[in-house]
Amino acid sequence: MQYTDYKNALPNLKGKIIAFDTEATGLDPWHGDRVFCWAYYSSKGEWGFMWKTSSNLAWLKNLLNDDSKHIVFHNAKYDLQMLYFEGIDVFNLKSDIHDTMVLSKVLDSVEKFHNLRHLSRRYLRGDTSDKDEIEYWLKSNKRAFVKQYNRSPNFSDAPIKLIKKRVLWDAQTTLKLFSKLYPLAKKRCRELYETERKLILVCLHMELSGVTIDISKAKQLKEEASNHSKQIQKELNQLVCPLTLQYNKGKEVIKQFNPNSPLKHLPAAFEKLGISLRYRTKPKKNKKKGRKTGGGNWSFDEYSLIRYTSKPLSEVLYQSSKENWGFDKFYNVIHNIVDKYKLPKSELLPALILKHRELTKLVSTYYAHLIEDCVDVVTTPAGREFGVLHCKFNQSEAVTGRFSSSKPNLQNMPRLLGPRECFIPRKGRKLWLIDYAQVEMRFYAHFAKDKKMAERLPSDLHRWTASEMYKKPPEQITKEERERAGSINFAVIYGSGAATMAETLSRKGSPTTQSKALQFINKYHSIYPSVRKTARKLSHQLAVQGYITNPFGRRYYIPNKFSYKALNYMCQGTSADLIKKAMVGIWFWLRERCLRTKLLMTIHDELVFEIPYSEEKLVLPKLIQFMEDRTNYFVPITVGIDVAKKRWSQKEKFELTSLVH
DNA sequence: GACGCGCGCCC
DNA sequence: GTACGGGCGCGCGTCC
């Protein structure tokens with residue numbers, strides 16, 4: 001085979017559609033990874049391989065700005081990000097950018113794999129052996145490489161022949177896939193694909209913008225949490241050590257108890273203190289295997305641990321969990337309770353484990369990343385450190401169409417504990433949080449065309465539901481009753497059965513039997529009969545045609561045995577596509593007007609913006625206009641606004657009317 | 001080192 | 001007799 005390196009003459013491509021694949025030294029440009037080569041295949045059969053040189057880069061840049069071309073990538077966000085770091089203005093390219101990964105996801109949302117290898121097998125019956133070679137090389141040369149260069153090998157270290165084979169195969173496969181998938185998408189869900197295609201830029205821009213972190217604050221909170229966890233560790237050691245652990249090989253006596261070891265240390269500690277174990281773990285759904293796995297071990301989750309304590313203590317533990325007590329309060333209260341009621345010291349074990357777990361989780365999952373993953377760290381004259389955190393947002397990961405976030409995951413920052421204190425707006429700006437009001441519930445009402453639900457949603461659905469369930473006027477409904485009705489609202493729309501609902505309600509502190517749960521469910525369906533009808537209608541549709549389609553044209557090929565998921569997918573997916581469309585509208589509107597307002601995050605039904613003071617009046621009403629939809633659904637889809645001047649944790653309600661004077 | 005598992009945070 | 005939606009990621013322990 002002949003390869004061209006284009007040392008002198010650069011090609012003038014005739015093909016209108018050109019698939020590209022770039023290869024880089026790694027995945028993370030923020031920590032130095034860079035493109036080093038690429039390959040292309042065009043619809044006129046032209047193809048080639050190029051190293052990254054300044055002239056080749058200039059050629060590529062020109063091509064990307066040729067408005068007669070369609071440029072196809074597989075996972076364009078990645079390639080564009082890499083090209084951004086080569087100085088290319090990827091947000092204003094004149095060519096049309098396409099993405100076969102996005103196409104694949106749009107066509108079959110439920111399919112788990114969208115990489116080239118799988119798609120090649122599925123749509124092209126392609127040979128994938130070329131692709132595996134380089135990965136095999138990396139694996140088998142890792143050890144020697146680390147020894148010699150003190151780092152792992154990356155793609156750029158592989159033999160040139162393998163690199164070329166791989167990158168050309170990727171580009172060629174991308175082109176073939178595009179010619180297969182694009183016509184399908186155009187026919188089936190053109191609008192949806194167009195939204196997702198534009199969303200690539202929105203998403204990349206969010207990632208590149210990043211969010212500002214008060215690193216000093218994170219360090220301080222991390223220090224506090226780890227000191228507290230050490231204090232608990234000490235007390236736990238006194239309580240249970242020395243501890244004898246049983247292993248296959250034999251016994252081991254330890255002086256340092258590890259509360260994060262649910263298989264070894266925890267059973268040993270409970271046994272030593274004379275608490276007989278009662279609860280076992282249940283099999284859990286495994287995403288990879290698609291079935292339930294595990295289960296059967298002793299369980300030490302929060303609910304089990306609380307049940308190992310007697311009433312006065314367990315009530316306190318529930319309360320603390322609900323209200324997120326600080327360390328000192330928690331620590332004092334549990335010791336006071338144990339003294340006051342003369343409970344055996346061993347009851348401290350579950351309580352201390354719970355707090356220890358919370359603290360170590362805060363440190364390892366949250367604070368550590370807020371501190372270590374920041375870039376562009378600056379230190380003020382006063383000695384405070386600030387940095388920017390660039391997480392990843394993935395528009396094509398969740399089966400329903402939702403976004404996911406990773407490295408670190410900004411979508412699961414605890415709402416009541418410290419981490420949100422570390423998120424701050426840039427100078428001269430505030431954080432604005434705009435969230436849809438009970439959006440999924442509204443889509444349930446929409447799909448069910450349930451008048452009663454629709455009327456109640458804008459006021460207080462849970463309260464009304466509770467009122468009807470407990471046969472009391474709404475104003476007499478207690479907080480607990482309203483919460484329970486809320487749980488039931490959610491459980492029913494998740495398609496849950498009596499067993500799970502009983503478990504959920506019990507976990508939340510209101511012990512419920514299965515038969516009671518069944519009564520709740522039946523009662524619920526007698527209040528809102530159209531929900532069950534709609535679920536059945538969707539299951540039927542699924543059985544007949546093999547898929548269901550949401551209002552944005554996203555199809556869900558749900559296996560029939562999971563048809564109970566249909567209604568939930570429809571509601572979750574519709575709200576996901578609604579917010580995606582709003583994001584695109586907003587981002588392009590902001591860009592056209594060269595505004596400095598930034599979209600920072602998307603958290604399922606909420607968008608987080610950073611708005612300069614001077615743009616508030618102009619931008620806020622427009623954002624709301626893009627997000628809300630008061631006409632196209634059975635229930636108006638509306639938003640609420642919160643603003644955080646200093647820290648995410650200090651957000652407060654905001655009324656748009658207060659903006660108009 | 002990869003993977004399964006238990007656990008827990010978010011909407 | 002079955003069945004609670006969608007995510008990410010940690011530490012531990014086992015197996016290769």
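Below, chains carry the letters A, B, ... as their sequence lines are ordered, and counting in each starts from 1.
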Exercise. Think A:Ser299 has a side-chain N or O under 4.0 angstrom from the OP1 or OP2 of B:dC7?
Worked result: yes

Exercise. Are the side chain of A:Thr512 and the backbone of A:Ser510 linked by a donor-acceptor contact shorter than 3.5 Å?
Worked result: yes

For this session: Would you tell me if any nitrogen or oxygen in the side chain of A:Ser261 comes within less than 4.0 Å of OP1 or OP2 on C:dG13?
Result: yes

For this session: Could you tell me the separation between the CG atom of A:Leu359 and the P atom of C:dC10, rounded to a whole number of Å?
Result: 18 Å

Problem set entry | Side-chain donor-acceptor contact under 3.5 Å, A:Ser321 with A:Glu302 | yes

For this session: Tell me whether the guanidinium CZ or amine NZ of A:Arg555 lies under 6.0 angstrom from the six-membered ring centre of A:Tyr547 and within 45° of its axis.
Result: yes

Exercise. If only side-chain N and O atoms of A:Lys392 are considered, is one of them under 4.0 Å from the OP1 or OP2 phosphate oxygen of C:dC8?
Worked result: no

Exercise. When the distance from CE of A:Met441 to P of C:dG5 is rounded to whole Å, what number comes out?
Worked result: 16 Å

Exercise. Using a cut-off of less than 4.0 Å, is there contact between a side-chain N or O of A:His265 and OP1 or OP2 of C:dG11?
Worked result: no

For this session: For the pair A:His446 and A:Phe443, name the ring-plane relationship: parallel under 30°, tilted 30 to 60°, perpendicular over 60°.
Result: perpendicular

Exercise. Any side-chain N or O of A:Arg357 less than 4.0 Å from the OP1 or OP2 oxygen of B:dC7?
Worked result: no

Problem set entry | Geometric cation-pi criterion A:Lys580 and A:Phe403, 6.0 Å radius, 45° cone | yes

Problem set entry | Listed partners of A:Tyr556 passing ring-ring contact (aromatic ring centres under 6.0 Å, His included), at least two apart | A:Tyr569

Problem set entry | Nucleotide B:dC11, atom C1' - distance to CG of A:Leu416 in whole Å | 14 Å

Exercise. OP1 or OP2 of B:dC7 less than 4.0 angstrom from a side-chain nitrogen or oxygen of A:Asn260, does that happen here?
Worked result: no

Exercise. Within the pair A:Arg415 and B:dC11, is there a side-chain N or O less than 4.0 Å away from OP1 or OP2?
Worked result: yes

Seminar exercise, completed: Of the listed B:dC7, C:dG9, C:dG6, the closest approach to the A:His604 side chain comes from C:dG6

For this session: Send over the distance from A:Trp298 CH2 to B:dC7 C1', rounded to a whole Å.
Result: 18 Å

Exercise. What's the NZ-P distance between A:Lys565 and C:dG6, to the nearest Å?
Worked result: 4 Å

Exercise. So, is A:Tyr569 close to the C:dG6 phosphate, meaning a side-chain N or O under 4.0 Å from OP1 or OP2?
Worked result: yes

Problem set entry | Whole-Å gap separating P (C:dC8) and CZ (A:Phe393) | 12 Å

Exercise. What is the minimum heavy-atom distance between A:Leu410 and A:Ile603, and which atoms define it?
Worked result: O-CD1, 4.1 Å

For this session: Go through the steps for A:Phe300 and A:Tyr279 under the test ring pair (Phe, Tyr, Trp, His ring centres under 6.0 Å), then give the verdict.
Result: CA-CA 8 Å; A:Phe300 299 99; A:Tyr279 314 108; 9.7 Å; no

Exercise. At under 4.0 Å, does any side-chain N or O of A:Thr365 touch on OP1 or OP2 of C:dG9?
Worked result: no

Problem set entry | Integer-rounded Å distance: B:dC11 C1' and A:Leu410 CG | 14 Å

For this session: Would you indicate what A:Phe490 reaches in the nucleic acid, counting non-hydrogen atoms under 4.0 angstrom: base, sugar-phosphate, or nothing?
Result: nothing

Exercise. Among B:dC9, B:dG6, B:dG8, which is the nearest nucleotide to the side chain of A:Pro262?
Worked result: B:dG6

For this session: Ignoring hydrogens and angles, state whether a donor on the side chain of A:Asp301 or A:Ser304 is under 3.5 Å from an acceptor on the partner side chain.
Result: yes

For this session: Could you state the atom-to-atom distance from CE of A:Met501 to P of C:dA3 in whole Å?
Result: 17 Å

For this session: Give a yes/no on whether any side-chain N or O of A:Tyr564 is located under 4.0 angstrom from OP1 or OP2 of C:dG5.
Result: yes

Exercise. Of the nucleotides C:dG13, C:dG7, C:dG9, which has the atom closest to the A:Ser404 side chain?
Worked result: C:dG7

Exercise. Which nucleotide sits closest to the side chain of A:Ala398: C:dC8, C:dG6, B:dC9?
Worked result: C:dG6

Problem set entry | Closest to side chain of A:Arg420, choosing from C:dG5, C:dG13, B:dC11 | B:dC11

Exercise. Looking only at N and O atoms, is any donor in the side chain of A:Lys361 or the base of B:dG8 less than 3.5 Å from an acceptor on the other one?
Worked result: yes

Problem set entry | Base B:dC11 to side chain A:Arg402, donor-acceptor N/O within 3.5 Å cut-off | yes

Seminar exercise, completed: Within residues 549-560 of chain A, the residues having a heavy atom closer than 4.0 Å to DNA chain C are none

Problem set entry | Check: C:dC8 base within 3.5 Å donor-acceptor of A:Asn409 side chain | no

For this session: Could you tell me whether the phosphate oxygens of C:dC8, OP1 or OP2, come under 4.0 Å of any side-chain nitrogen or oxygen in A:Asn412?
Result: no

Seminar exercise, completed: Side-chain atoms of A:Leu354 come closest, of C:dG9, B:dC10, B:dG8, to B:dG8

